[in-house]
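Quick caveat: nothing in here was measured; it's all calculated off a predicted structure.
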Amino acid sequence: MAYDPGAIDATLAAAVGDEPQLIAELREAFLDGVRRGLDNLERARGGDEWRSAAARLKGLAASFGAIRLMAIASEAADAVPQDVNLLRRLRRAAERL
């Protein structure tokens, strides 16, 4: 699955128009949300918390056009909680945003 580095900015521009400062603020808010989502996954205490955190991260990623992150979060929702490989892949995908 290819990564489109402009997808998030394009999604934001479509939503708010040509407002570079607003786009930058929304992008930073999105990245903060992604970081919190990843932290919630790492702190999940069992399957229900893990699935819930993965689903929230998937929804956030989908809302901003972060397709790669969305796909991995979807995979995580169906995986064994605290899957170290998936957590590593999610962190890598988030770093590329």
Side-chain angles (χ1 to χ4, degrees):
M1 182 176 302
Y3 169 67
D4 178 5
I8 294 168
D9 291 340
T11 299
L12 291 171
V16 301
D18 187 25
E19 297 287 334
Q21 177 129 1
L22 181 56
I23 289 170
E25 289 173 14
L26 291 172
R27 187 176 213 288
E28 189 55 38
F30 165 67
L31 294 174
D32 285 343
V34 168
R35 286 187 283 272
R36 281 192 308 276
L38 292 171
D39 290 344
N40 288 338
L41 272 171
E42 290 178 346
R43 287 193 309 265
R45 303 253 189 249
D48 289 341
E49 283 185 29
W50 172 269
R51 282 185 292 281
S52 178
R56 284 192 308 271
L57 184 58
K58 175 185 171 186
L60 178 63
S63 296
F64 283 82
I67 304 302
R68 177 89 177 132
L69 182 63
M70 181 187 72
I72 301 169
S74 179
E75 187 179 337
D78 296 326
V80 175
Q82 299 301 323
D83 183 316
V84 176
N85 183 46
L86 277 171
L87 287 169
R88 185 176 60 247
R89 289 173 54 211
L90 285 164
R91 288 273 178 206
R92 267 196 318 245
E95 289 169 3
R96 293 179 178 150
L97 296 173

From [atom1] ([X]) to [atom2] ([Y]), nearest 0.5 Å:
{"X": "W50", "Y": "R43", "atom1": "CH2", "atom2": "CZ", "result": "13.0 Å"}
{"X": "L57", "Y": "N40", "atom1": "CG", "atom2": "CG", "result": "9.0 Å"}
{"X": "L90", "Y": "E75", "atom1": "CG", "atom2": "CD", "result": "8.5 Å"}
{"X": "I72", "Y": "L86", "atom1": "CD1", "atom2": "CG", "result": "8.0 Å"}
{"X": "L97", "Y": "R27", "atom1": "CG", "atom2": "CZ", "result": "7.0 Å"}

Any sub-3.5 Å donor-acceptor pair from S63's side-chain atoms to G59's backbone N or O?
yes
Give me the atom names and distance for the closest heavy-atom approach of A94 to L38.
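Residues A94 and L38, closest heavy atoms: CB-CD1, 3.7 Å.
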Heavy-atom closest pair, residues A61 and M70
CB-N, 3.6 Å
Going through the distances and angles, do D83 and R51 end up as a salt bridge (Lys or Arg N to Asp or Glu O under 4.0 Å)?
CA-CA 12 Å; D83 183 316; R51 282 185 292 281; over 6 Å; no
Name of the residue among D32, L26, V34 meeting side-chain contact (heavy atoms from CB on, under 4.5 Å) with F30
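Exactly one candidate clears the test, V34.
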Determine whether N85 and R89 make a side-chain contact, defined as any pair of heavy atoms from C-beta on separated by less than 4.5 Å.
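A side-chain contact under 4.5 Å exists here.
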Apply side chain to side chain contact (heavy atoms under 4.5 Å, CB included) to residues R92 and R68 and explain how you reach the verdict.
CA-CA 10 Å; R92 267 196 318 245; R68 177 89 177 132; over 6 Å; no
Is it the case that atom CZ in R45 sees more than 12 heavy atoms from other parts of the structure closer than 6.0 Å?
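Not more than 12 within 6.0 Å, no.
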Any chance you could lay out the side chain to side chain contact (heavy atoms under 4.5 Å, CB included) test for R91 and L87, step after step, and finish with the verdict?
CA-CA 6 Å; R91 288 273 178 206; L87 287 169; 5.6 Å; no
With salt bridge (Lys or Arg N to Asp or Glu O under 4.0 Å) as the test, would you mind laying out the steps for R88 and E95 before giving the verdict?
CA-CA 11 Å; R88 185 176 60 247; E95 289 169 3; over 6 Å; no
Residues that A54 engages under side-chain contact (heavy atoms from CB on, under 4.5 Å), provided they are two or more places apart
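Once residues adjacent in sequence are excluded, the partners of A54 under the side-chain contact (heavy atoms from CB on, under 4.5 Å) criterion are L41, A76, A77.
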Side-chain donor-acceptor distances from residues 14-23 under 3.5 Å, at least two apart:
unit_1	atom_1	unit_2	atom_2	d
Q21	NE2	E25	OE2	3.4

With salt bridge (Lys or Arg N to Asp or Glu O under 4.0 Å) as the criterion, how do D39 and R36 come out once you've worked through the C-alpha distance, each side chain's angles and the decisive distance to 0.1 Å?
CA-CA 5 Å; D39 290 344; R36 281 192 308 276; over 6 Å; no
